[in-house]
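Some notes on the structure that comes next.
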Number of protein chains: 2
Amino acid sequence: MDRPKRRATRPEALLEKLRAAIEDGRLPPGARLPEEKLARALDASRARVREVLSLLANERLVELQTNRGAFVAKPTVEEARHICEARLMAERTTARLAAERATPDAVRKMREMVAEEQIAWDSDDVRNAVAKSRGFHRAIAEAAANPVLADILASLLSRSALTQAVYAARGAAGCLCHDHSALIDAIEAGDPDTAEAAMKTHMDNIISRLDLEPLAQEVDIEDALRDTL
Amino acid sequence: MDRPKRRATRPEALLEKLRAAIEDGRLPPGARLPEEKLARALDASRARVREVLSLLANERLVELQTNRGAFVAKPTVEEARHICEARLMAERTTARLAAERATPDAVRKMREMVAEEQIAWDSDDVRNAVAKSRGFHRAIAEAAANPVLADILASLLSRSALTQAVYAARGAAGCLCHDHSALIDAIEAGDPDTAEAAMKTHMDNIISRLDLEPLAQEVDIEDALRDTL
DNA sequence: TCCATTCGGATTGTTTACAATTCTCGCGCC
DNA sequence: GGCGCGAGAATTGTAAACAATCCGAATGGA
C-alpha cells in the first residue's frame, strides 16, 4: 500500500516544511503568508494550510491577524529578551542532563553537526551553517533524553532564529564553533557543572552579539517629527 | 457594537474552556472527545472544535488518533517523569526571577491564591483547591515578568494536572500550603537563592507524592498470564 | 494638485455537504 | 454457548461553495 497515490503532503510534514522555511529565513519575519499560495506551493488543501498556520501561531512563529491573514512573526525587543532568558534556562538544564546521560553515539552526532557547521561556514553558506548550529543544539537535547524538555528547547530555538533574523548584529550571526567544542568535551567527560558553565558562556556570547538596545521598535510619529516642523 | 448578538464562543475562549475542563479533571485522562458533542456543548461549529483539538494535541493535552477521534491524553510513567523534570527546571527559574522582580501587587495576588486554596481545602473541595494551587504557581510566573517563560510553565502545569490525575498517590493530591507560604516569604524578601531553594523542596514534595514506580503501564499479556496457565 | 469616496478584486472566515473509515449490533454457523 | 461475519449507524476526514471583510485603484470634487 505504498504506491505513489499518496498525493499531497501529510499534515506533520507540512508543518515541518513551513517551520523549516521560517527557521532558516527563506520566509523572513514580517513576510505575508497567503493561504492559497501556500496551499499550492505545498500541494495541500487550504483547510490544512489553515490548520498548520493555526499551529504555528500557537508557537508564536506566525502571527494571525483576523481578516488580514498570516504573517511570519516579528519579535519585539522585549520579546527577544524573554526568549533569550527562557532559552538560557533550557539550554543550561539540557547541557547538564546531557553530561549526565549522553551515550557515545549521541556525542558522535554532536561532533558531526559541528563539523558540518564548520564546513558550511568555510564555504560561506551562512544559512546552512546556522541550520547546522541549531542541529547541534538539538543533538544535545536528544542526548538529554527528555522529549518534553527537547520540545521546549526546539520551540525556543525556532523563535531564536526569528530574533536573530531581526536583531543580529551586522555580520555576526550564528554560534562560535570554538564554544561548541568545549561544550562537547565537557558533556563527553560527563561533567555536568562544567557543561552547564560552558553552555552559559556560549549563550552569553550569542546574546551579546544581538543588537537589542538601539532599535526603536515603535516610534511615536508626533515625537519623532516635532522638532522638524 | 457590543450587542449580545455575539452568539457562540470565540476561538480562544473555546480553547480555554476545554483546557480548563481537562485541567481540573472534569474530562479525565483517556476520555473520548467526540467532535460533534463538543460542538454542541460549547456552542461552536465542528470546524472550530477540530481546530481547538488540533491545538490541544500540539500541547500534548489530547491525543489525536486518525479516523478514531480525540482523547484526553494519558501520560505514561516515562512521560510523567519527563514532565516533572522539565517543570522543576521551569519552576526554579521562575521562582528566582520572581524574587528579583516581584511587585507588592504580585505578592498580594500570591497570598490571595494561597488563602483561597486553604479555604477550598478546608471545605474538602479538592478540585477547586488544586485549581487555586495552579493559580498560585501561575501568579509566580506572572511576577517573573517573562511571558515566554510563563507560557512554558503554564503548559507544564496543565500536563502536570494530567499526571496527577493518573499517578497521584491515594488521598495526596495537590500542594502543601505550608511550602507555599515559605516560598512567598522568600520572594517578598527579594532573595532569589532562598526562593529557588524553597521551590525546589516544594517540587520535591510534589514529586515524592506521585506513584511513579509501581504502576505497570503496559503489560505483556503473555507474560502476565504465563504462570496462571 | 491633493484629498475623500466608491467600486472591484482578492483574501479570509464559515458553513455545508459528501466520502471514507471505524464501531456496534445482530445474525448465522461451528 | 461462543465465535466470526456482515450490514447499518455513527464518527471522522476532506473538499467545495458561499459570505464577509479588507486592500487598492480609479473617480470626482475642492
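Protein chains get the first letters and strands the later ones, always in sequence-line order, with residue 1 at the start of each.
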Inset, instruction - Examine distances only and state if a side-chain atom of B:Asn146 and a backbone atom of A:His82 form a donor-acceptor pair shorter than 3.5 Å. - result: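 Looks like yes, one N/O pair under 3.5 Å.
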
Legend entry - Angle between terminal axes - the helix from C:dT1-D:dA30 to C:dC30-D:dG1, 5 pairs each end, rounded to 10°: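 Between the first-five-pair axis and the last-five-pair axis there is 0°.
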
Inset, instruction - Could you tell me whether the phosphate oxygens of C:dT14, OP1 or OP2, come under 4.0 Å of any side-chain nitrogen or oxygen in B:Ser45? - result: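 Checking B:Ser45 against C:dT14: no side-chain N or O falls below 4.0 Å of OP1 or OP2.
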
Legend entry - OP1 or OP2 of D:dT12 under 4.0 Å from side-chain N/O of B:Arg50: no

Legend entry - Spacing between A:Glu36 atom CD and D:dA16 atom P, to the nearest angstrom: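 Between P of D:dA16 and CD of A:Glu36: 12 Å.
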
Inset, instruction - Quick one: closest heavy-atom pair of A:Ala143 and A:Arg101, and the distance? - result: O-CB, 3.8 Å

Legend entry - For B:Glu35 against B:Arg46, the heavy-atom pair lying closest together: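 Closest heavy-atom pair between B:Glu35 and B:Arg46: OE1-NH1, 2.5 Å.
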
Dump the pairs, protein N or O against N or O of nucleotides 17-19 of chain D, anything under 3.5 Å, distances to one decimal.
none

Inset, instruction - Fit a plane to each ring of A:His202 and A:His180, take the angle between them on a 0 to 90° scale, and name the class: parallel (under 30°), tilted (30 to 60°) or perpendicular (over 60°). - result: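 Perpendicular: the ring planes of A:His202 and A:His180 meet at over 60°.
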
Legend entry - Nucleotide of C:dT12, C:dT15, C:dG13 approaching A:Arg32 most closely (side-chain heavy atoms):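 When the side chain of A:Arg32 is considered, C:dT12 is the closest of C:dT12, C:dT15, C:dG13.
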
Legend entry - All side-chain hydrogen bond (donor to acceptor under 3.5 Å, both in side chains) counterparts of B:Arg108, not counting sequence neighbours: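 B:Asp105.
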
Inset, instruction - Identify whether any heavy atom of B:Ala47 sits under 4.0 Å from a base atom; if not, whether one sits that close to sugar-phosphate; answer base, sugar-phosphate or nothing. - result: base

Pairs: protein N or O with nucleotides 20-22 of chain D N or O, under 3.5 Å:
from, atom 1, to, atom 2, distance (Å)
D:dT21, O3', A:Asn67, ND2, 3.2

Inset, instruction - Under the side-chain contact (heavy atoms from CB on, under 4.5 Å) rule, collect the residues that match up with A:Ala47, sequence neighbours excluded. - result: A:Ser45

Legend entry - Base-contact (B) and sugar-phosphate-only (S) positions in nucleotides 5-10 of chain C, heavy-atom cut-off under 4.0 Å, - elsewhere: ------

Legend entry - Gap separating the CG atom of A:Leu56 from the CD atom of A:Glu51, nearest 0.5 angstrom: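 CD of A:Glu51 is found 11.0 Å from CG of A:Leu56.
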
Legend entry - Residues B:Asp24, B:Arg26: salt bridge by 4.0 Å N-O rule: yes

